Chemist: 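Mind having a look at this structure? Questions to follow.
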Protein chains: 2
Amino acid sequence: MTHFVKDQDCTKCDLKSNLFCFLTDNQLDNINESRLEVNYKKGEVLFKKGGPLTHIICISKGMVKICLENNNGKQVLLELIKPVEFIIGPGFLIDEHHHFTVSAIEDTRACFIDIRIFKEVISKNSEFLMELIKYLNKHIIRHSDKISNLAHKHMHGKMADTLLYLADEVYHSDTFETFLSRQDLANISAITKESSIRILKEFKDDGIIDFNNMRFEILKKDSLLQISKNG
Amino acid sequence: MTHFVKDQDCTKCDLKSNLFCFLTDNQLDNINESRLEVNYKKGEVLFKKGGPLTHIICISKGMVKICLENNNGKQVLLELIKPVEFIIGPGFLIDEHHHFTVSAIEDTRACFIDIRIFKEVISKNSEFLMELIKYLNKHIIRHSDKISNLAHKHMHGKMADTLLYLADEVYHSDTFETFLSRQDLANISAITKESSIRILKEFKDDGIIDFNNMRFEILKKDSLLQISKNG
DNA sequence: GAATAATTATGATATATATCGTAATTAGCA
DNA sequence: TGCTAATTACGATATATATCATAATTATTC
C-alpha cells in the first residue's frame, strides 16, 4: 500500500494534483496511519447520495463519475474524477452526508481518509485551508458555468460542451477512448439518451467528429467550439 | 459609518449572519480601517462579470441579485443577498475576477473590504477559514440542487421552486412584497418572461397563490411543494 | 459458440416551451 | 395631469425535445 508523499515539484501542486503537499510530515503521518485502500469494479458505487459522509477519498487508479440524483432517479453527471484527485463532499462541515452519488466507470482504486482525522489535521494548517478554498471556488465556478449552460443552451450546444470537456479536461486529447455509455454522455449533457445518440450521429455526418463504439475523435474543434458558443 | 462588531449571540453565527465574529479584535480593526461604504440605487450594478475582484462585500441594507451571464446576454438569477450577508466571489484565490454580475434590486448599502487585507487577515485565522469552507460548501450544495432542478424539472416545477425559495429563504413569510420583476422571476426559474407570467396566472387560477402586482401570497403550500417535487 | 441481455440506433408522434405579435396595464417623468 | 416608456398579459404559431416503439448491433453468460 503506497503512502501519500509530498509532490517533489510543488509548482504543479494545484488542487487537481496533490493537495497533500501542503501538509507537514507529521500531519501526513497522521493521515497515512488511518488510511484505507479500496478496489472497485466498473459500475460499483463508492458513495451514495444521502449516505453518511465519513471519509474523503483520493482516486489513485481508474475513474469515477460524480452524479446528482433527484427523487425520480434521474441523474446529472457532474464531473469525472481521475488519479490523482480528491473528492471532498460538500456535506463536509455542513450536514456530514453525501449530496452526490459516486461510482466507478472503470476498475478503480480509492484511498479513504477518516473525516475526523482530516478535519483535525487541516484545522491547524491555514495553508492547506487556503488551498481547500481554492479547490471549492474552482468547483463553484465550474458549477455556475454548468447552470448557465443548462439554462440557455440547446441540445447541440450541450453535447458540444460535453465533448470538449472530455477532450480538454478529462482525456487531454482530441482522440480518446472512453468507458462512458451514451446514457452517461446524455447525463453529462442533461438530455435524453436518444437525443445524445442522434446528435452524435449528426456531428459525425457533418464531419465534426468521428467515432466507432467508445472511441471518439474530434475532427473540427472550431465547429464544436462554435456550436458550444452559439448554444 | 458603522463598524463591524462581533455578534453578541454567537450561536446565530452561521455564515448567513456575521462571518466576522470569528475574527479577533485586532483583525477586526484591520478590516474596519480599510472599509468603504457605498450606496446604490435600485438597478445599479455593484460587480460586473469579468471585472476585477478587488473587494469582497457585505450587504448592510437593501437587496442585491447575483446573476450568471452568458455570451448572448442571457441571464440566470442565482441568488438574492440581503443584510447581513457577504459576497465573496469564487474568483477569490483563483483568477481574481468576477464570475457573477451583482446588482441592486432595491436601494442598497454595501461595505467594501479590500481583498488583500481580507486575504492577509484570514490566512492567519484557521477558525475563520473553516467557516469560509462551510460557506462555500453551502453554496456548492445549493448550486448542485439548482443544476438538478434545471436539468429535469418542467416550467411549473421550476416556478414552484422559485416561489418556495422566495417565501422560505428570502422573505421568510408566505406573504411577501418583492422588488423582483416577472423577468427576474423568469431568470430565477430559467424560463422565459412570458412563461413565468402564464404559469403565475395558472397558479392564481388554481388558487395555489394570489398576487397583485408585486405582492405575492402562497395559499396552498402543499400544492406548491407537490408541483416542485414532481417537476 | 450459441443464447440472452444490454446497448446503440432510428423513426413517428406527442408535448413542452420559446418566439412573435399585440393589447392592457402600470410606472416614470415633464 | 397628461404623455411616454416600461412592464405585464395573453393568444397564435413554430420549434425543440422527450417519449414511445422497434430494429440492429454489441456485450455477457452459460
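In this text, all values refer to a predicted model and were calculated from it rather than measured experimentally.
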Chemist: Would you work out how much the helix from dG1(C)-dC30(D) to dA30(C)-dT1(D) bends between its ends, with each end axis defined by five base pairs, to 10 degrees?
Modeler: 50°
Chemist: Could you give the side-chain donor-acceptor pairs of residues 208-218 of chain A under 3.5 Å, partners two or more places apart or in another chain?
Modeler:
none

Chemist: Answer whether the closest heavy-atom distance between the side chains of H55(A) and F118(A) falls below 4.5 Å.
Modeler: no
Chemist: For F47(A) and F112(A), take the angle between the two ring planes, folded into 0 to 90°, and tell me which bin it lands in: parallel under 30, tilted 30 to 60, perpendicular over 60.
Modeler: perpendicular
Chemist: Which of the following nucleotides, dT17(C), dT8(C), dT8(D), is nearest to the side chain of M214(B)?
Modeler: dT8(D)
Chemist: For a quick test of reading the model, state the closest non-hydrogen atom pair linking S228(B) to A160(B) and the distance between them.
Modeler: N-CB, 3.9 Å
Chemist: Got a list of protein N/O to nucleotides 22-26 of chain C N/O distances below 3.5 Å?
Modeler:
unit_1: dT26(C); atom_1: O3'; unit_2: N213(B); atom_2: ND2; d: 3.4

Chemist: Toward the 5' end of DNA chain D, which comes first, F211(B) or H154(B), by nearest nucleotide?
Modeler: F211(B)
Chemist: For DNA chain D, which residues of residues 196-210 of chain B approach it to below 4.0 angstrom with any heavy atom?
Modeler: I197(B), R198(B), K201(B)
Chemist: When the ring planes of H143(A) and F100(A) are compared, do they come out parallel, tilted or perpendicular, using 30° and 60° as the limits?
Modeler: perpendicular
Chemist: Grab the N/O contacts between the protein and nucleotides 23-25 of chain D below 3.5 Å, and write none if there aren't any.
Modeler:
none

Chemist: With the threshold set at under 4.0 Å for non-hydrogen atoms, list the residues of residues 188-195 of chain B touching DNA chain D in residue-number order.
Modeler: K193(B), E194(B)
Chemist: Ignoring hydrogens and geometry, is there a side-chain-to-backbone donor-acceptor pair from D107(A) to K41(A) under 3.5 Å?
Modeler: no
